[in-house]
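Read the structure below first, then the notes.
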Amino acid sequence: MGRRLVLGMLGLGVAGVASARYVQGGLESFLGAAADKDPTGLTNLLPNGGGFRYYSVASSVPDKSAADYRLTVDGLVTRPATYTLDALRALPQTRLVRDVQCVTGWRVPGTPFAGVQLSRLLDAAGVRPGAGAVRFTCFDGAYSESLTLEQARRDDVLIALSMQDKPVSHAHGGPVRLYVAPMYFYKSAKWLSGITVTHTVERGFWEERGYDTDAWVGRSNGREDTPTT
Ligand SMILES: Nc1nc2c(c(=O)[nH]1)N[C@H]1C(S)=C(S)[C@@H](COP(=O)(O)O)O[C@H]1N2
Ligand SMILES: [Mo]
């Protein structure tokens, strides 16, 4: 699908969310479930259940089963690797409970995430001298994110396999998403498929559109009154 069309649909989604914003309770969970199956992407930006909103800049995202899923680690490393979901599950898991904060103002207090610390995968890959950043790519074919190497090595940055103590659902970016606890939720790339160690930070999807790359909650330009994300 062409970029223009995707952005056009995103525009529709943004218009839709203003009115969808006040939908409550049962309907939210219904829409969360619908977003899981919706091939048209028209449920983009609808409530995603439990106070979350469903976000995707791509109009549709392929479903990856546990068996199909792969995560590659490459770039400036000495030991590039490909992980299956089982391989990620076999590594030590870290659970964090923090507030999720989107820059548009919605917030979900005390949300558990669990998974493998990104620093563990970086250590396993052997980051080469001269590397300074990590780039994340997604199997939606559209979204990307980056962190400095120092940020990526924080112990509150996870390759998340579970969210709210359940496997990460397709709507929430499953089977595997990034979770950057101290930053606005746009850093937490859904449908994670690639981790590439690079020299310098490359801006991600929303950062190309004006949002801060260093998206510390409360210390960046993510504000409640900022439109779109
Ligand atoms: N691949 C991908 N990851 C993404 C996004 C997206 O559109 N595509 N949106 C981001 C934004 S702006 C937010 S607020 C959260 C939303 O996560 P949720 O859908 O689980 O609520 O995902 C982030 N990660
Ligand atoms: Mo967001």
Side-chain angles (χ1 to χ4, degrees), residues 1 3 6-7 9-14 16-17 20-21 28-29 31-36 38 41-64 69 71 98-109 111-113 115 135-147 157-181 183-195 203-213 215-217 220-229:
M1 172 162 309
R3 183 187 184 86
V6 169
L7 292 174
M9 294 177 88
L10 178 65
L12 274 178
V14 170
V17 80
R21 197 172 189 115
E28 283 204 8
S29 2
L31 289 166
D36 252 342
D38 174 31
L42 293 176
T43 51
N44 286 0
L45 303 170
L46 288 174
N48 202 6
F52 286 89
R53 312 195 80 80
Y54 177 72
Y55 278 78
S56 175
V57 300
S59 57
S60 79
V61 181
D63 231 312
K64 293 264 186 206
Y69 181 76
L71 175 65
R98 304 285 159 79
D99 299 347
V100 160
Q101 180 72 59
C102 173
V103 291
T104 46
W106 59 269
R107 182 164 168 273
V108 186
T111 303
F113 282 86
R135 179 167 178 79
F136 305 93
T137 47
C138 305
F139 64 79
D140 63 6
Y143 206 76
S144 62
E145 258 305 334
S146 285
L147 291 171
V157 175
L158 304 182
I159 304 306
L161 310 183
S162 89
M163 176 174 168
Q164 300 172 303
D165 294 321
K166 294 177 301 222
V168 182
S169 68
H170 180 68
H172 283 300
V176 177
R177 77 182 295 172
L178 182 66
Y179 175 57
V180 183
M183 295 194 180
Y184 285 105
F185 208 29
Y186 65 88
K187 298 300 288 190
S188 293
K190 297 162 64 164
W191 306 297
L192 185 66
S193 57
I195 298 172
R203 282 189 305 220
F205 184 91
W206 287 117
E207 294 141 21
E208 291 284 351
R209 292 157 181 81
Y211 284 86
D212 280 350
T213 310
W216 307 107
V217 172
S220 62
N221 71 354
R223 297 189 314 269
E224 296 215 353
D225 56 355
T226 308
T228 306
T229 59

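Each ligand, and each atom within it, is numbered from 1 in the order the structure gives. Numbers here simply count residues along the sequence, with the first being 1. The structure displayed is predicted, hence computed values, not measured ones.
Residue contacts with ligand 1 for Ser188 involve N, CA, C or O but no side-chain atom from C-beta outward (heavy atoms, distance under 4.0 Å). Counting heavy atoms closer than 4.0 Å to ligand 1, residue Tyr186 contributes atoms from both its backbone and its side chain. Counting heavy atoms under 4.0 Å from ligand 1, residue Tyr55 touches it through both backbone and side chain. With a 4.0 Å cut-off on non-hydrogen atoms, Arg53 touches ligand 1 through its backbone and not its side chain.
Distances from atom 19 (O) of ligand 1 to the heavy atoms of His172, Lys190, Gln101 show the closest one on Lys190. Taking each of Trp191, Phe136, Phe185 in turn, the one with a heavy atom nearest to atom 13 (C) of ligand 1 proves to be Phe185.
Formation of a donor-acceptor pair under 3.5 Å by the Trp206 side chain with backbone atoms of Thr213 is not found in this model. His170 places a side-chain N or O within donor-acceptor distance of the main-chain N or O of Val61, the cut-off being under 3.5 Å. The backbone N or O of His172 sits less than 3.5 Å from a side-chain atom of Ser169, completing a donor-acceptor pair. In this structure, the side chain of Arg177 does not engage the main chain of Leu161 through any donor-acceptor pair within 3.5 Å.
Ligand-side atoms of ligand 1 in range of Ala189: 3 (N), 24 (N), range being under 4.0 angstrom from any heavy atom. Each of the atoms 14 (S) of ligand 1 lies under 4.0 Å from some heavy atom of Cys102. Within the listing of ligand 1, atoms 21 (O) sit less than 4.0 angstrom from a heavy atom of Phe52. For ligand 1, the atoms closer than 4.0 angstrom to any heavy atom of Asp140 are 1 (N), 2 (C), 8 (N). Set against the non-hydrogen atoms of Cys138, the atoms of ligand 1 under 4.0 Å away are 1 (N). Close contacts of ligand 1 with Trp206, meaning ligand atoms under 4.0 Å from a residue heavy atom, involve 12 (S).
For Tyr184, the heavy-atom gap to ligand 1 stays at 4.0 angstrom or more. Taking a 4.0 Å cut-off on heavy atoms, Glu145 fails to register as neighbouring ligand 1. The shortest separation from a heavy atom of Trp106 to ligand 1 is under 4.0 Å, placing the residue in contact.
With respect to Lys190, the side chain to side chain contact (heavy atoms under 4.5 Å, CB included) criterion is satisfied by exactly one of Tyr54, Phe139, Tyr143, Phe185: Tyr54.
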Any chance you could lay out the side chain to side chain contact (heavy atoms under 4.5 Å, CB included) test for Asp99 and Thr111, step after step, and finish with the verdict?
CA-CA 6 Å; Asp99 299 347; Thr111 303; over 6 Å; no
Apply the test side chain to side chain contact (heavy atoms under 4.5 Å, CB included) to residues Thr104 and Tyr55: give CA-CA distance (whole Å), side-chain angles for both, the deciding distance (0.1 Å), then the verdict.
CA-CA 12 Å; Thr104 46; Tyr55 278 78; 3.6 Å; yes
Evaluate the criterion side chain to side chain contact (heavy atoms under 4.5 Å, CB included) for residue pair Cys102 and Tyr186; output intermediate values, then yes/no.
CA-CA 7 Å; Cys102 173; Tyr186 65 88; over 6 Å; no
Given side chain to side chain contact (heavy atoms under 4.5 Å, CB included), test Phe113 with Val100 step by step and report yes or no.
CA-CA 10 Å; Phe113 282 86; Val100 160; 3.7 Å; yes
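Remark: ligand 1 and Val57 share an N or O pair separated by less than 3.5 Å (distance only, no angle test). Below 3.5 Å of separation, one finds no N or O of Tyr54 facing any N or O of ligand 1.
Between Glu207 and Lys187, at least one side-chain N (NZ, or NE/NH1/NH2) sits under 4.0 Å from a carboxylate O, which counts as a salt bridge.
A cation-pi arrangement is present between Arg209 and Phe205 under the rule of less than 6.0 angstrom and at most 45 degrees off the ring axis.
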